[in-house]
Amino acid sequence: MTLTEMRYLVALARERHFGRAADACRVSQPTLSVAIKKVEGRIGVALFERTASDVRITALGERVVDQARRVLEEAVKLEEIAGASGDAMSGQLRVGIIYTIAPYLLPQLIPALNREAPAMPLFLKEDFTANLIPALKSGELDVIVIALPFAEPGLVAQPLYDEPFRVVVPCGHPWVGRPDIAADELEGQNLLLLGQGNCFRDQVLESCPRIGDQETRTHTLEGSSLETIRYMVASGVGVAVMPSAAADPLVEREPLVRVLPFAGQPPSRTVGLVWRVTYPRPQAIDVLRAAVLSCSLPGATARR
């Protein structure tokens, strides 16, 4: 079995969809499908169950994919050892970034990084943390930008900045004019949250314990992105908790909402970089970190 075939297997096991797996591997769907069938033909047993609407991995498939992941991780280490003597500032840097950070950081990060390392273009992948971690470990990505804390053997995590949360309400809400809002006051409100699988949703619920403990008694609605939630708040559907980089610019940009601080020590998140211990271009990571820290994100406090 080739490394390419292993990558196809791992991608299909992760995505559970031939089209998305092919996109992740940057090949056509027929190419990926044929390769998977060839692997199954050589093994003599199906690794995936295929239906019209779903792809499910078999018990044997789980074992094969687990081993393939380990082989790919070791292959990445070998490639990094071999490539350690190259020019760290030349060549593509593959960066993964979670959905709730990318739209607010990238507009400033790209020009800042281009000034410092013009020969190092970025390949960017937006996704959930749960998908970015295996992509980093398999070598599909070089470094990821996620919310910390995070700790796993073989990976290095370094904080970049701390970002407080804000309460965003419609312009006609009774809280408008208040100096601040206590976290437990969100209980009982029509609270807009991101969908399941998004780490920011979990951070909001952890930051407001009474909502987390009594979520079934708090009326919550889901939005697919922070921008969608912003428009839902503006329409008067409910209130939301947003990171300051997303919320603070709304003060001048969005007349239909009001942005309010939390009372006392506000809930917040720490954003950081995560990369493999064996990654052979530490200078590229240093330049990326410096570029992020040069960005002016509303409300954020840099970790120098």
Side-chain angles (χ1 to χ4, degrees), residues 1-84 86 91-98 123-146 149-157 196-197 199 273-282 285:
M1 191 183 305
T2 67
L3 291 176
T4 297
E5 290 170 336
M6 292 182 194
R7 291 189 182 98
Y8 293 167
L9 289 173
V10 170
L12 185 57
R14 181 180 68 244
E15 301 293 341
R16 309 279 174 132
H17 186 277
F18 277 93
R20 290 195 297 270
D23 289 343
C25 295
R26 297 193 284 280
V27 297
S28 68
Q29 183 172 331
T31 296
L32 185 135
S33 299
V34 168
I36 297 293
K37 288 180 180 177
K38 285 183 178 179
V39 171
E40 291 178 322
R42 288 198 298 269
I43 294 175
V45 65
L47 302 178
F48 298 91
E49 298 177 15
R50 300 156 174 86
T51 68
S53 60
D54 193 17
V55 176
R56 298 180 183 178
I57 190 167
T58 65
L60 178 62
E62 289 279 10
R63 293 172 58 192
V64 171
V65 168
D66 285 345
Q67 184 61 38
R69 287 194 186 100
R70 288 193 286 270
V71 172
L72 289 172
E73 289 171 15
E74 292 302 317
V76 167
K77 294 178 184 177
L78 184 60
E79 291 171 358
E80 291 178 344
I81 291 171
Q92 189 179 79
L93 184 67
R94 299 167 298 178
V95 180
I97 185 166
I98 58 176
F123 166 80
L124 296 168
K125 178 181 176 66
E126 282 187 84
D127 212 327
F128 298 116
T129 299
N131 294 331
L132 293 177
I133 295 298
L136 176 66
K137 294 171 68 176
S138 69
E140 180 183 338
L141 296 172
D142 300 321
V143 58
I144 58 177
V145 183
I146 62 173
F150 175 83
E152 191 168 319
L155 299 178
V156 180
Q196 295 285 349
C199 60
L273 297 176
V274 179
W275 67 95
R276 294 181 300 278
V277 172
T278 56
Y279 186 61
R281 298 167 62 192
I285 302 295

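Treat the numbers as computed from the prediction; the structure is a model and nothing was measured.
Residues A35 and Y8 come closest through the heavy atom pair CB-CD1, 3.4 Å. Residue E40 comes nearest to F48 through the heavy atom pair OE2-N, 3.2 Å, listed as atom of the first residue, atom of the second, then distance. The shortest non-hydrogen separation linking F150 to L155 is CE2-CD1, 3.7 Å. When all heavy atoms of A46 and T58 are compared, the closest pair comes out as O-OG1, 3.4 Å. For the pair L136 and V143, the tightest heavy-atom approach, listed with the atom from each and the gap, is CD1-N, 3.7 Å. The two residues E15 and A24 make their nearest non-hydrogen contact at OE2-CB, 4.4 Å.
Side-chain contact between I146 and C199: absent, with no pair of heavy atoms (C-beta onward) separated by less than 4.5 Å. Side-chain contact between V95 and L141: absent, with no pair of heavy atoms (C-beta onward) separated by less than 4.5 Å. K125 is not listed as a side-chain neighbour of I144, based on a closest heavy-atom distance of 4.5 Å or more. Taking the side chain as every heavy atom from C-beta outward, L60 and L47 approach each other to under 4.5 Å. Considering only heavy atoms from C-beta on, L9 comes within 4.5 Å of I36 through its side chain. At least one side-chain heavy atom of E5 sits under 4.5 Å from a side-chain heavy atom of R42.
Remark: the backbone N or O of R56 is not paired with any side-chain donor or acceptor of E49 at under 3.5 angstrom. At distances below 3.5 Å, not a single donor-acceptor pair connects side-chain atoms of R281 with backbone N or O atoms of D142. Remark: the backbone N or O of S138 is not paired with any side-chain donor or acceptor of R69 at under 3.5 angstrom.
Within 6.0 Å of CZ in R50 there are more than 12 heavy atoms belonging to other residues, nucleotides or ligands.
With E140 as the partner, the salt bridge (charged side-chain N to carboxylate O under 4.0 Å, His left out) test is satisfied by one option alone out of R7, R276, R14: R14.
Salt-bridge check for K137 with E152: passed, with a basic side-chain N closer than 4.0 Å to an acidic carboxylate O. Look at D23 and R20 and you find no salt bridge, because none of the NZ, NE, NH1 or NH2 atoms lies under 4.0 Å from a carboxylate O.
Between L12 atom CG and R16 atom CZ the span is 8.5 Å, to the nearest 0.5 Å. One distance of note links NZ of K38 with CD1 of I43; it measures 14.5 Å at 0.5 Å rounding. The distance from the CD atom of Q29 to the NE2 atom of H17 is 7.0 Å, given to the nearest 0.5 Å.
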Pair V145, L273 - check side-chain contact (heavy atoms from CB on, under 4.5 Å), show working. CA-CA 5 Å; V145 183; L273 297 176; 3.6 Å; yes
